[in-house]
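Have a look at the structure below before the remarks.
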2 protein chains.
Amino acid sequence: MSVNRKTKSFKLIMDVFNENKNAISAIYLVDQFSNKMNKTTVYRILDRLENDGILHSFIDKQGLKRYAKDSDDNSITHPHFLCQDCGISTCVKVNITLPDISEYNIKSSEHLLIGTCKDCLSN
Amino acid sequence: MSVNRKTKSFKLIMDVFNENKNAISAIYLVDQFSNKMNKTTVYRILDRLENDGILHSFIDKQGLKRYAKDSDDNSITHPHFLCQDCGISTCVKVNITLPDISEYNIKSSEHLLIGTCKDCLSN
DNA sequence: ACTACAAATGCAACTGAATTGCAATAAGGG
DNA sequence: CCCTTATTGCAATTCAGTTGCATTTGTAGT
Ligand SMILES: [Mn+2]
Ligand SMILES: [Mn+2]
Ligand SMILES: [Zn+2]
Ligand SMILES: [Zn+2]
């Protein structure tokens with residue numbers, strides 16, 4: 001009983017994440033594929049991919065949900081970088097050490113780094 | 001020319017932040033004061049307070065905008081904690097050291113810590 | 001205390017991301 | 001090829017936040 005049918009829409013979205021390891025906003029995909037599939041479909045496919053552990057997500061500085069492909073060198077929890085200039089967002093392959101705070105039992109964390117990417121710096 | 005008039009609405013909201021150092025969502029205040037002022041007014045007062053450097057804000061895990069009072073022991077950039085159980089959110093007075101990533105010029109960062117607070121742990 | 005004027009507010013309409021219910025479609029196991 | 005049911009399309013809805021504009025109100029200056 002396959003839980004994930006390889007539909008045309010599913011493949012189109014999966015291709016994006018296979019060709020691009022950046023973090024992509026749901027709304028960008030909705031827009032990109034507006035003539036290929038319904039926006040509801042985009043959201044539901046992203047949901048499934050996340051539940052299946054193929055993608056992970058976070059809320060960016062503008063409150064938009066972004067998704068990126070899981071990979072082996074993604075530590076379980078890693079920061080996400082956003083370039084103010086060109087808008088690209090990437091998973092940052094760095095281990096962040098949480099300060100030990102006695103008052104809280106910290107279970108997970110989200111880290112957003114905002115700045116300028118290499119490409120935008122050199123242009 | 002006073003830029004900040006001490007209106008009734010302004011005082012009501014300011015009081016909340018003076019009595020409570022936690023990070024409070026805009027929508028919570030809109031709800032709290034629904035019979036005292038218009039929601040637009042809440043948003044605009046929060047905006048002003050942030051521009052004047054009295055409050056600072058961040059987007060929480062649900063994509064909601066939260067505000068907290070600036071204070072001397074708030075380092076310029078500090079993490080924010082959210083208790084999964086009771087929902088309170090606090091500024092965490094800890095210096096976080098960003099890993100130096102050659103690929104990016106990092107100008108600012110946002111750090112969300114999710115877990116359980118002391119109160120919820122002991123109950 | 002009065003006035004004038006800009007700042008602040010209320011209201012209603014609007015935006016934009018994301019979700020929901022339901023009927024129609026299509027993937028793929030047998 | 002059939003059948004089951006996962007997936008999709010569509011339209012309506014939600015929910016936080018914003019905008020335009022007319023009205024009110026704080027307060028500086030007299
Ligand atoms: Mn990532
Ligand atoms: Mn804070
Ligand atoms: Zn860039
Ligand atoms: Zn708690």
Please determine if a side-chain N or O atom of B:T41 lies less than 4.0 Å away from the OP1 or OP2 oxygen of C:dG10. yes
Starting from the first five and the last five pairs of the helix from C:dA1-D:dT30 to C:dG30-D:dC1, work out the angle between the resulting helix axes, to 10 degrees. 40°
Does A:N4 have a side-chain nitrogen or oxygen under 4.0 Å from the phosphate oxygens OP1 or OP2 of C:dA27? no
May I ask you to verify whether the side chain of A:R5 and the base of D:dT5 hold a donor-acceptor pair under 3.5 Å? yes
Hey, does A:I101 have a side-chain heavy atom less than 4.5 Å from the side chain of A:I106? yes
In whole angstrom, give the distance that lies between atom CG of B:N51 and atom C1' of C:dA8. 15 Å
Could you check if a side-chain atom of B:H80 sits within less than 4.5 angstrom of a side-chain atom of B:T90, using non-hydrogen atoms only? no
Who passes side-chain contact (heavy atoms from CB on, under 4.5 Å) against B:S25, sequence neighbours left out? B:I27, B:Y28, B:R66
Take the protein atom CG of B:L46 and the nucleotide atom C1' of C:dT9, then report the distance between them rounded to whole Å. 14 Å
Closest-nucleotide mapping onto DNA chain D: is B:R66 or A:M37 further toward the 5' terminus? I mean the 5' end. A:M37
Distance, rounded to the nearest Å, where B:L29 contributes CG and D:dA16 contributes P: 13 Å
Given atom OH of B:Y28 and atom C1' of D:dG17, what is their separation to the nearest angstrom? 19 Å
Contacts of B:R48 that satisfy salt bridge (Lys or Arg N to Asp or Glu O under 4.0 Å) - sequence neighbours left out: none
A:N38 side chain to A:T40 backbone, donor-acceptor under 3.5 Å: yes
Hey, is the side chain of B:R44 pairing donor to acceptor with the base of C:dG10 inside 3.5 Å? yes
Which donor-acceptor pairs under 3.5 Å do side chains of residues 7-15 of chain B form with protein atoms, sequence neighbours excluded?
{"residue": "B:T7", "atom": "OG1", "partner": "B:F10", "partner atom": "N", "Å": "3.1"}

For A:A23 and A:A68, the nearest pair of non-hydrogen atoms, with its separation, is CA-CB, 3.9 Å
Roughly how many Å is it from CG in B:L12 to P in C:dT9, rounded to a whole number? 10 Å
Got a sec, which residues hit salt bridge (Lys or Arg N to Asp or Glu O under 4.0 Å) with A:K61, two or more places apart in sequence or on another chain? B:E110
To the nearest Å, how far apart are B:D47 CG and C:dA7 C1'? 15 Å
What integer distance in Å separates B:Q62:CD from D:dG17:C1'? 15 Å
Between C:dT9 atom C1' and B:K6 atom NZ, what is the distance in whole Å? 18 Å
How are the rings of B:F81 and A:Y104 set relative to one another: parallel (under 30°), tilted (30 to 60°) or perpendicular (over 60°)? parallel
Is there any protein nitrogen or oxygen under 3.5 Å from a nitrogen or oxygen in nucleotides 12-17 of chain C, and what are the pairs?
{"residue": "C:dA12", "atom": "N6", "partner": "B:T40", "partner atom": "OG1", "Å": "3.4"}

